[in-house]
Participant: 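Please find one structure pasted underneath; my questions will follow.
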Amino acid sequence: MESGRRAQLRDLPSVDKVLNSDAAAELLARFGRAASTVGVRAALTEARAALQAGASTAPSAEYLATLVFSQLDAEDRSRLGPVFNLTGTVLHTNLGRALLAEAAIAAAISAMRDPIALEYDLETGKRGERDEHVEDLLCSLTGAEAATVVNNNAAAVLLALNTFANGRDAIVSRGELIEIGGAFRMPDVMARAGANIVEVGTTNRTHGRDYRAALKPETGVILKVHTSNYRILGFTTEVDAAELAAIAAEAKVPLLNDLGSGTLVDLTRYGLKHEPTVREAVAEGAGLVTFSGDKLLGGPQAGFIVGHRDLIAAINRNPMKRALRVDKVRLAAIEATLKLYRDPDRLAERLPTLRLLARDKADIMAAAGRLLPDVTEILAPHFVVDVCECQSQIGSGAFPLDTTASAGLAISSNTGGAALEHLAKAMRSLSKPVIGRIDDGRLVLDFRCLSDEEEFLSILSALDVRSLA
Ligand SMILES: *Cc1c(COP(=O)(O)O)cnc(C)c1O
């Protein structure tokens, strides 16, 4: 027994023998000598342990080389690689929100590859301003006098509050002290900006007189927050931005209106619900308006602050601005995205966010019908697949109560709920993960955001369904 085990241990190939085997050629070509050696050593250590624990035969050099290849290949797969978003949520925060327009992608790639005149004035040959490129565009699209760009809207709110309310009062309605998710809680952001939070009104009703009564010489800012991700219904009152702007102007303090998503165009023109536009918010008289780049606007992650020239200038002088600024790649993508808004007629074709949101149910239903036979075959016999109607969500806190009619496939299991969970997990492990949602005992794949049906089928066909049921 003991001598047999020793003999098997002696049969284990050496590191060199594995690396010199025919099967190792592919391993070395793909991962190089250093990583391959580390992988082979680890595989040999495991094989040795297995033999000592009673395994009967030593693996061959060829087998080990193949094993290490598949291990390194699995490790090498990017966790940030593309996925199929079949969740039905178009602007899915956990899946990276907006998909960029081709023009923005091209601009970002070129800014990555080559030097650009980021802070260089090509006319004078002197130092320029990095935000200037997009400032003019933002002003013409919103009617604001000036604009600045930071990392995201959370940064925009933080920076604006810190500039005007550090050590001073920031007045806000109790109905607007929101949590967005992902640790964005308005009271916490206000506190970190150094603001002394002065809550006014009640959860459901806040009046103009509540703001007026709170105004003091120490007031630095009045804050209005778009309650993006929830609605208070019933016996409610809020003070609209125009009235608040008048109150703020009287008191000579800036009104900061955090629109959250915001949009640069009237979405009703594309068959969507009305969402406050930045231009409207500027016209209502807010000194400062903040909004996100990667929500309804459909660009890369960014936070925009637009408003009065002197207020924006004060924000740009805040040393925090430097810590929150945007890099050249994103600025290039932002500029290209904003330029698309100059031609609203072709916006829905060019901007994926808008195209996906405006895609009509009949079109999606047709895709579901086309995919049904193949998906049924891939998942047979343990899973049953049906075309279903479903509701897509916009996501990222825009229109929390409104969904838009969509369609897809609903998968149910013949053998119970656990099989469905296993299937969902197996779909998430595919070379391009497929992410649906489990709803009422069925795995629903909403096809609103599916563009390449052939690719989807070819990825899905790698599923090993027999192992799941
Ligand atoms: C989404 C949102 C934010 C945060 O914006 P990010 O771009 O995600 O940082 C802030 N305020 C409101 C009202 C929002 O909806």
Side-chain angles (χ1 to χ4, degrees), residues 89-100 134 138 147-162 165 170 172-193 195 197 206 221-232 238 240-241 244 255-264 267 273-278 280-281 284 286 288-307 315 320-321 323-327 330-331 333-334 337-338 353 357 393-402:
T89 300
V90 176
L91 294 167
H92 200 301
T93 297
N94 306 131
L95 299 181
R97 290 192 185 159
L99 310 180
L100 295 202
V134 296
L138 282 167
T148 193
V149 192
V150 286
N151 179 55
N152 57 12
N153 190 33
V157 173
L158 179 74
L159 180 62
L161 285 170
N162 180 263
V172 63
S173 162
R174 289 194 169 89
E176 296 175 2
L177 286 171
I178 55 169
E179 173 179 310
I180 305 285
F184 183 96
R185 302 180 109 188
M186 194 48 93
D188 297 344
V189 173
M190 294 174 77
R192 287 298 169 127
I197 306 169
T206 304
V221 77
I222 297 178
L223 174 64
K224 179 162 184 65
V225 187
H226 186 52
T227 52
S228 316
N229 54 359
Y230 80 112
R231 290 278 180 274
I232 299 180
E238 64 169 322
D240 64 40
L244 262 190
L255 170 66
L256 168 59
N257 188 354
D258 175 20
L259 281 187
S261 186
T263 166
L264 295 174
L267 293 174
K273 272 263 232 345
H274 181 79
E275 170 80 9
T277 68
V278 180
E280 285 161 7
E284 282 160 354
L288 294 165
V289 179
T290 61
F291 54 103
S292 285
D294 55 354
K295 292 184 179 174
L296 283 170
L297 196 145
Q301 179 188 302
F304 299 108
I305 314 174
V306 303
I315 285 174
M320 236 189 218
K321 167 76 200 297
L324 302 172
R325 76 180 186 185
V326 177
D327 70 287
R330 273 199 283 157
L331 265 180
I334 291 166
T337 306
L338 291 174
T353 297
L357 288 173
Q393 291 196 321
I394 291 169
S396 287
F399 313 103
L401 303 184
D402 299 309

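For ligands, and for the atoms within them, numbers begin at 1 and follow the listed sequence.
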Participant: Would you check whether Lys295 has a nitrogen or oxygen atom less than 3.5 angstrom from a nitrogen or oxygen atom of ligand 1?
Facilitator: yes

Participant: Determine whether a donor-acceptor pair (N or O, by modelled atom type, separation under 3.5 Å) exists between the side chain of Ser292 and the backbone of Asp294.
Facilitator: no

Participant: Nearest 0.5 Å, please: how far is CG in Leu256 from CG in Leu223?
Facilitator: 5.0 Å

Participant: Can you check whether Leu296's main-chain N or O pairs, donor with acceptor, with Ser261's side chain at less than 3.5 Å?
Facilitator: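 Answer holds: yes.
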
Participant: If you round to the nearest 0.5 Å, how far is CG of Leu244 from CD of Glu284?
Facilitator: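 The CG atom of Leu244 is 10.0 Å from CD of Glu284, to the nearest 0.5 Å.
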
Participant: Would you mind running through ligand 1 and noting each atom that sits below 4.0 Å from a heavy atom of Ser292?
Facilitator: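 The list of qualifying atoms is 5 (O), 6 (P), 7 (O).
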
Participant: Considering non-hydrogen atoms only, spot the tightest contact between Leu259 and Ala281 and give its length.
Facilitator: CD1-CB, 3.9 Å

Participant: Of all the heavy-atom pairs spanning Phe304 and Ala156, show the shortest one and how long it is.
Facilitator: O-CB, 4.2 Å

Participant: Classify the contact between Thr227 and ligand 1 as side chain, backbone, both or neither, using a heavy-atom distance cut-off of under 4.0 Å.
Facilitator: neither

Participant: Among protein heavy atoms, which sits nearest to atom 5 (O) of ligand 1, and what does the distance come to when rounded to 0.1 Å?
Facilitator: Asn153 CB, 3.0 Å

Participant: Under 4.0 Å, counting heavy atoms only: does Val157 come that close to any atom of ligand 1?
Facilitator: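 No, Val157 has no heavy atom closer than 4.0 Å to ligand 1.
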
Participant: Suppose I only count heavy atoms of Gly260 and a 4.0 Å limit; which atoms of ligand 1 are within that range?
Facilitator: 12 (C), 13 (C), 14 (C), 15 (O)

Participant: At under 4.0 Å between heavy atoms, which part of Lys224 makes contact with ligand 1: side chain, backbone, both or neither?
Facilitator: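 The answer is neither; Lys224 stays 4.0 Å or more away.
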
Participant: Does ligand 1 have any atom that is closer than 4.0 Å to a heavy atom of Asn151?
Facilitator: no

Participant: Counting only heavy atoms not in Arg174, do more than 12 fall under 6.0 Å of its CZ?
Facilitator: yes

Participant: Looking only at protein heavy atoms, identify the closest one to atom 13 (C) of ligand 1 and say how far it is in Å.
Facilitator: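 It is Ser228 OG, 3.1 Å.
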
Participant: Can you check whether Asp258 has an N/O within less than 3.5 Å of an N/O in ligand 1?
Facilitator: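 Yes, at least one N or O pair falls under 3.5 Å.
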
Participant: If the cut-off is 4.0 Å to any non-hydrogen atom of Ile178, which atoms of ligand 1 fall inside it?
Facilitator: 13 (C)

Participant: Determine, using heavy atoms of Glu176 and all atoms of ligand 1, whether some pair is separated by less than 4.0 Å.
Facilitator: no

Participant: Side chains of Asn162 and Arg192: do they bring a donor and an acceptor to under 3.5 Å?
Facilitator: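 Result is no, nothing qualifies.
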
Participant: Which atoms of ligand 1 have any heavy atom of Ala154 under 4.0 Å away?
Facilitator: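 So the atoms of ligand 1 that pass are 4 (C), 5 (O), 6 (P), 9 (O).
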
Participant: Considering Arg97, His226, Gln301, which one's heavy-atom position lies nearest to atom 8 (O) of ligand 1?
Facilitator: Arg97

Participant: Check whether Glu280 reaches the backbone of Thr277 with its side chain - one donor and one acceptor, N or O, closer than 3.5 Å.
Facilitator: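 Yes, the answer is positive, given that a donor and an acceptor are paired below the 3.5 Å cut-off.
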
